[in-house]
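Below is one structure, written out as structure tokens; the observations come after it.
It should be emphasised that the depicted structure is a prediction, and the values quoted were computed from it without experimental measurement.
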Amino acid sequence: MKSTFKLLTNHKGLTALSFMFIIAMAISSVASSLTLAPLTDSLVTHDVNALIHWLLLTIMFWVITLSLNYVNSLLQAQIVRKVANELRMKIAEGLNGISIPDYQKVDHNEYVSWLTNDVNLIETNGLQTMFDLIGSSAVLILSAGALFFYHYSLALVTILLAAVTMVVPNLFGKFMERETTRISKANSRLLAQIEDTIAGFSVFFSHNIGSALTKRIAMASDEQGAQQVTYTRRTGLIELLMGLLSVFAQMATTALTSFLVLGGYFSIGVISSSGQISGIVFSNLSKVISDIFKIQSVSAILKKDIKPDRSIDTTTPQVGDFDTALTLDHLSYGYTTDKSVIKDLSYRFEKGGKYAIVGKSGVGKSTLINLISGRINDYGGSIKIDDQELQSLSTPSLNSKIELVEQKSYIFNESVEENITLGVQKAKSLLNSAVSFLGIDKFTTTETLLSEHGQNLSGGQRQKLALARALTFDKPILIIDEVTAGIDAESAQQIEDTLLADKDRTVIMITHTLTDKTRSQLTDVVEL
């Protein structure tokens with residue numbers, strides 16, 4: 001509960017205002033119950049004027065309660081919105097602070113689930129439930145005070161029964177936490193399975209087995225649904241027990257009130273108020289218990305954190321300096337301990353040099369550029385940039401020096417300009433130059449909104465966007481992994497000619513189609 005309440009501390013003013021509304025609603029709600037006693041007495045005595053007076057007063061209290069509830073619901077929605085945004089920003093900042101190898105240790109669907117399912121659970125079972133808990137608690141306290149006003153024994157019995165009922169949740173706290181963790185994992189699995197299936201739509205379609213896609217989604221949905229049913233069954237039994245305890249306690253309070261009326265301690269009308277108030281007490285007590293369970297269940301989610309192997313400073317601006325060379329010294333790497341993909345490789349890529357890495361499929365070309373760019377960092381030997389070991393460089397520093405354009409660069413569901421600049425303010429001339437040079441303006445505009453991760457573009461067009469992104473960020477070392485493979489031969493040669501003509505940029509490219517013209521412009525060809 002402390003962890004959930006802590007989420008509200010950044011919005012103390014709004015939270016305090018919401019709590020004031022909650023207390024005002026509780027006072028108005030209990031007051032409407034207190035009017036039932038004189039209202040009932042006026043019925044017994046046939047006093048029409050008193051009946052109308054107390055009836056109007058009751059209606060007034062209900063109008064006040066409902067109006068306050070409407071205003072407070074809007075206020076709480078704003079608070080929940082702000083906190084949810086902060087949670088998602090915190091997760092995003094955590095991702096921003098880890099390296100690619102750290103990121104790849106967790107399935108990306110887990111991160112997606114944190115940002116969606118888990119934050120939604122915190123919103124409903126944490127934040128909103130916390131507000132409900134405060135409201136129910138306020139009503140409980142004021143209701144107990146109202147019963148004390150009638151007779152101290154009513155308040156004492158109610159408090160005693162409430163205390164007994166409140167002990168039960170503590171017995172099931174850990175159980176509820178485990179159940180919520182289990183359902184959270186089930187939601188993550190469902191998200192991963194559906195995304196995996198939908199992403200393979202074309203595979204099912206081309207093999208005329210659309211029914212298999214339906215079956216996979218149905219099976220994933222049923223598995224998650226089964227987990228949800230189990231969760232409801234187990235937690236429902238606890239709520240049933242709480243409900244039975246609440247009914248027993250309410251009946252006990254009503255019985256005591258009846259005996260006090262028979263003893264002449266107060267009028268018969270008090271039975272109406274007392275019954276209403278005791279009902280409020282124990283129904284709200286059930287809510288308090290249920291709310292405590294929900295808030296406790298959220299604590300497991302709030303404990304989740306993104307923990308990098310080493311912290312990354314993303315606040316200090318990085319300058320992409322590169323002065324002499326990128327050197328490999330007895331570099332070795334293997335995906336398994338018994339087989340090396342890169343073995344005892346030594347080489348020196350000079351500043352401003354132009355290099356092609358060639359070799360048969362599977363010899364380690366892509367692995368090599370992933371090592372050089374820091375995508376893989378558990379290598380043997382040495383990789384140095386200007387005599388500084390790559391592993392000792394901060395990730396932002398390394399990323400400011402090297403631009404890697406992969407075979408299948410990611411395209412966002414945003415405009416062409418946003419895909420190239422990634423939302424970073426760039427000189428319009430630099431953007432237009434890259435767009436014009438690559439011929440992007442011949443098939444689209446910078447304002448065009450892309451969808452389905454660029455599926456409305458050809459493979460070559462998507463690669464041109466990726467190259468434009470690289471040129472716009474203008475880093476000193478450019479590594480290209482077969483990105484001109486999907487572009488027509490004439491355009492590909494033109495792109496290669498221009499990249500290789502830039503005397504200041506160090507270019508390292510993987511290619512299977514090394515033309516004579518390109519070869520003549522290279523500093524060297526590295527054959528693996």
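A distance-only check finds no donor-acceptor pair linking the side chain of S409 to the backbone of V405 [under 3.5 Å]. Remark: side-chain polar atoms of Q461 are paired, donor with acceptor, to backbone N or O of S458 under 3.5 angstrom. Side chain of S221 to main chain of I217: no donor-acceptor pair is present (N/O by atom type, distance under 3.5 Å, no hydrogens or angles). Between the side chain of K464 and the main chain of I440, no donor-acceptor pair closer than 3.5 Å is present. Between the side chain of D222 and the backbone N or O of A218 there is no donor-acceptor pair closer than 3.5 Å.
Rounding to the nearest 0.5 angstrom, the gap separating the OG atom in S18 from the CG atom in L75 is 5.0 Å. The distance from atom NZ of K401 to atom NZ of K475, rounded to the nearest 0.5 Å, is 11.5 Å. Once rounded to the nearest 0.5 Å, the distance linking OH of Y379 with CG of L371 reads 8.0 Å. The NZ atom of K354 sits 13.0 Å away from the OG1 atom of T518 when rounded to the nearest 0.5 Å. With rounding to the nearest 0.5 angstrom, the CG atom of N419 is 8.5 Å from the CG atom of N413. With rounding to the nearest 0.5 angstrom, the CD1 atom of I357 is 11.0 Å from the CD1 atom of I480.
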L326 and T506: CA distance, side-chain angles, deciding distance, side-chain contact (heavy atoms from CB on, under 4.5 Å) verdict:
CA-CA 10 Å; L326 187 159; T506 304; over 6 Å; no
Show, in sequence, the C-alpha distance, side-chain angles and deciding distance for S400 and S397, and conclude whether the side chain to side chain donor-acceptor pair (under 3.5 Å) test is met.
CA-CA 5 Å; S400 69; S397 177; 4.7 Å; no
Report the C-alpha distance between R505 and D474 in whole Å, list the side-chain angles of each, state the deciding distance to 0.1 Å, and finish with yes or no for salt bridge (Lys or Arg N to Asp or Glu O under 4.0 Å).
CA-CA 9 Å; R505 196 190 311 274; D474 196 27; 3.2 Å; yes
Side chain to side chain donor-acceptor pair (under 3.5 Å) between T235 and E179, worked out:
CA-CA 8 Å; T235 57; E179 286 299 299; over 6 Å; no
Run L404 and E406 through side-chain contact (heavy atoms from CB on, under 4.5 Å) and show every step you take.
CA-CA 6 Å; L404 171 61; E406 300 172 286; 3.9 Å; yes
As a quick check of understanding, evaluate side-chain contact (heavy atoms from CB on, under 4.5 Å) for T129 and T124, giving each step before the final call.
CA-CA 6 Å; T129 301; T124 54; 5.9 Å; no
Apply side-chain contact (heavy atoms from CB on, under 4.5 Å) to the pair E86 and H11, showing each step before the final yes or no.
CA-CA 11 Å; E86 289 169 356; H11 309 283; 2.7 Å; yes
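In this structure, a donor-acceptor pair under 3.5 Å is absent between the side chains of T181 and S184. No side-chain N or O of E350 forms a donor-acceptor pair with one of T523 less than 3.5 Å apart.
With a 4.5 Å cut-off on side-chain heavy atoms, R234 and R182 count as touching. Counting heavy atoms from C-beta on, the side chains of Y347 and D524 come closer than 4.5 Å. Residues L190 and E223 form no side-chain contact, since every pair of their non-hydrogen atoms from C-beta on lies 4.5 Å or further apart. Under the 4.5 Å side-chain criterion, counting only non-hydrogen atoms from C-beta, Q224 is not in contact with Q227. V416 has its side chain out of reach of V435: every pair of non-hydrogen atoms, C-beta onward, lies at least 4.5 Å apart. By the 4.5 Å heavy-atom criterion applied to side chains, I376 and Y335 are counted as neighbours. For the pair V119 and I91, the minimum side-chain heavy-atom distance is below 4.5 Å. Annotation: side chain of F322 is in contact with side chain of I385 (closest heavy-atom distance under 4.5 Å).
Results of the side chain to side chain contact (heavy atoms under 4.5 Å, CB included) test with I79 over L14, L7, N10 single out L14 as the only residue that passes. For the pairing with L328, the side chain to side chain contact (heavy atoms under 4.5 Å, CB included) check across V526, L345, L390 returns one residue only, L345. Each of H512, Q407, Q463, K408 was compared with E482 under the side chain to side chain donor-acceptor pair (under 3.5 Å) criterion, and only H512 meets it.
Every side chain to side chain donor-acceptor pair (under 3.5 Å) that T336 has, sequence neighbours left out, goes to D338.
The shortest non-hydrogen separation linking A434 to L471 is CB-CB, 4.3 Å. Across all their heavy atoms, I372 and I383 have their closest contact at N-CD1, 4.4 Å. In plain terms, the two heavy atoms of A470 and L478 that are nearest each other are CB-CD1, 3.9 Å. The two residues S113 and S188 come nearest to each other via the heavy atoms OG-OG, 2.7 Å. Across all non-hydrogen atoms, the minimal contact from L457 to R462 is O-NH1, 2.7 Å. L522 and A356 make their closest contact through CD1-CB, 3.5 Å (heavy atoms, listed as atom of the first residue, atom of the second, distance).
Each side-chain hydrogen bond (donor to acceptor under 3.5 Å, both in side chains) pair with one or both residues in residues 322-332, not counting sequence neighbours, appears once here: T324-D386, H330-D344.
Ion pairing of E93 with K90 is absent here, as no side-chain N (NZ or NE/NH1/NH2) approaches a carboxylate O to less than 4.0 Å. Using a cut-off of 4.0 Å between Lys/Arg side-chain N and Asp/Glu carboxylate O, D481 and K365 are scored as not salt-bridged.
Other residues, nucleotides and ligands contribute over 12 non-hydrogen atoms within 6.0 Å of the CZ atom of R88.
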